[in-house]
There are 2 protein chains.
Amino acid sequence: MTEHFDGQEAWAAALRAHGRRVTKQRLAVLAAVERHPHSPAESILAAARAELPELTAQSVYVVLGDLTDLHMLRRFEPPHSPALYETRVGDNHHHAICISCGRVEDVDCAVGHAPCLTPHWNPDAKPMTIQIADVMYQGICQDCQRAQQLPPQSSLTRNKEIGEQ
Amino acid sequence: MTEHFDGQEAWAAALRAHGRRVTKQRLAVLAAVERHPHSPAESILAAARAELPELTAQSVYVVLGDLTDLHMLRRFEPPHSPALYETRVGDNHHHAICISCGRVEDVDCAVGHAPCLTPHWNPDAKPMTIQIADVMYQGICQDCQRAQQLPPQSSLTRNKEIGEQ
DNA sequence: GCACTTATTATTAGTAAGTCACAATAAGGC
DNA sequence: GCCTTATTGTGACTTACTAATAATAAGTGC
């Protein structure tokens, strides 16, 4: 209940543009994803409940699925992780995931503008019509690299909590 | 029990090279993945049971996980699909998935040789040390495109069966 | 070839993430 | 304000996978 009325309005307009009703549940989910990008459904539920306590997990799944189909949200599934959601859509950006701590970073498109959208088909393959090229970089972030070089410190905790990113 | 002794020997040697014992379970799993690339654990189990009926699902999960860690197998997780495995490792190749029928095609590396391994970091991001760049093309295969243009034919069946690919 | 050690596999139970069917509710057009 | 129907809530269920421990067998030395 602070100052995000402009955001509310923008989301509401977008929902109407897609023929969807403007409900507090959808607005809460959108706000939660906006505030916590790269979060799984469970964390989005927790965040959205801060302003809408009666929201249920199933509603979040339904809303996330629907908004993803509308391309108002983007969904991606890092290996060994539940699906993550973000509001940054439309640009063809990618993600880098630390295989040690799970941290996710946005990465702009690697090779110019619509780079990855033109695969090199094998001679015997039947080419598909490509719509998306999801690039998932996997590596080790600076913090984890430092932690592994230092002696003991064996606390490999995946940060599934909401506070991170 | 036919002619794949050469393959057996090669797999056995690779297992020994990694300090693993050569068991019929591992050989059966490797042979199954080799014969059915891009298959989920369940299908690999079914295929491996053809020559080793007493094999259990859990063993398949353990073996797949271990062999993946050894980089003798490669694992990838298309959206809305269980993890798939293949024996083609070492080359930096990618995958195209039909979002309608689930068909998977191999795609050679898009931009030269080690292309995707150099992300463009945002100014404020802390760069990670990248080890893998998984590119997942999503689109519609020729068959599904044709099927959607034709009139009714509303049989959207995901091919999770073993016979496909 | 035979015993023995320990990696590997089987058995059984359990969990996380998400789906399905249907009843209750409320958004938006009238 | 009422009414229709999209949306959400409730509760059961499924799929893909993990964990703990007992049984088995690969490879080593004799």
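Convention: sequence-line order gives letters A, B, ...; per-chain numbering from 1.
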Separation of D:dT10 atom P from A:Q58 atom CD, nearest Å, is 9 Å

For atom CG of A:L15 and atom P of D:dT8, their distance in whole Å = 9 Å

Starting at OH of A:Y61 and ending at P of D:dC13, how long is that distance when rounded to a whole Å?
-> 19 Å

Take B:K24 and A:R75, find for each the nucleotide of DNA chain C with the closest heavy atom, and name the residue whose nucleotide sits nearer the 5' end.
-> B:K24

Looking only at D:dA25, C:dA17, C:dA10, the nucleotide nearest the B:S59 side chain is C:dA10

Decide whether A:Y61 and A:L55 are clustered together by the hydrophobic rule: side chain heavy atoms of Ile, Leu, Val, Met, Phe, Trp, Tyr closer than 4.5 Å, transitively.
-> no

Looking at B:T56, does any N or O in its side chain come under 4.0 Å of the phosphate oxygens OP1/OP2 on C:dA10?
-> yes

Of the nucleotides C:dT9, D:dA26, C:dA27, which one has an atom closest to the side chain of B:V63?
-> C:dT9

Take atom CG of A:L27 and atom P of D:dT7, then tell me their distance rounded to the nearest Å.
-> 13 Å

Between B:E77 and A:G19, which has a closest nucleotide on DNA chain D that is more 5'?
-> A:G19

Counting any heavy atom closer than 4.0 Å, what does A:A83 reach on the DNA or RNA strands: base, sugar-phosphate only, or nothing?
-> sugar-phosphate

In whole angstroms, the gap separating P of D:dA6 from CD of A:Q25 amounts to 16 Å

Rounded to the nearest angstrom, tell me the gap between atom CG in B:L30 and atom P in C:dT9.
-> 11 Å

Whole-Å distance between D:dC17 P and B:Y85 OH?
-> 6 Å

Contact summary for B:M72 and B:A14, nearest pair of heavy atoms | CE-CB, 3.7 Å

Below 4.0 Å: OP1/OP2 of D:dT8 and any side-chain N or O of A:T23 | yes

Out of D:dA6, D:dG27, D:dC17, minimum distance to the side chain of B:P82 belongs to D:dC17

Which pair of heavy atoms, one from A:V22 and one from A:A12, lies closest together, and at what distance?
-> CG2-O, 3.7 Å

Do B:H71 and B:V89 have side-chain heavy atoms sitting under 4.5 Å apart?
-> no

Rounding to a whole Å, what distance do you find between B:I44:CD1 and D:dC17:C1'?
-> 14 Å

Closest listed nucleotide, where the reference is the side chain of B:L55 and the choices are D:dG27, C:dG28, C:dA10 = C:dA10

B:H95 vs B:F76 aromatic rings, parallel, tilted or perpendicular, using cut-offs 30° and 60°?
-> parallel

Short side-chain N/O contact from B:R26 to OP1 or OP2 of C:dT8, under 4.0 Å = yes

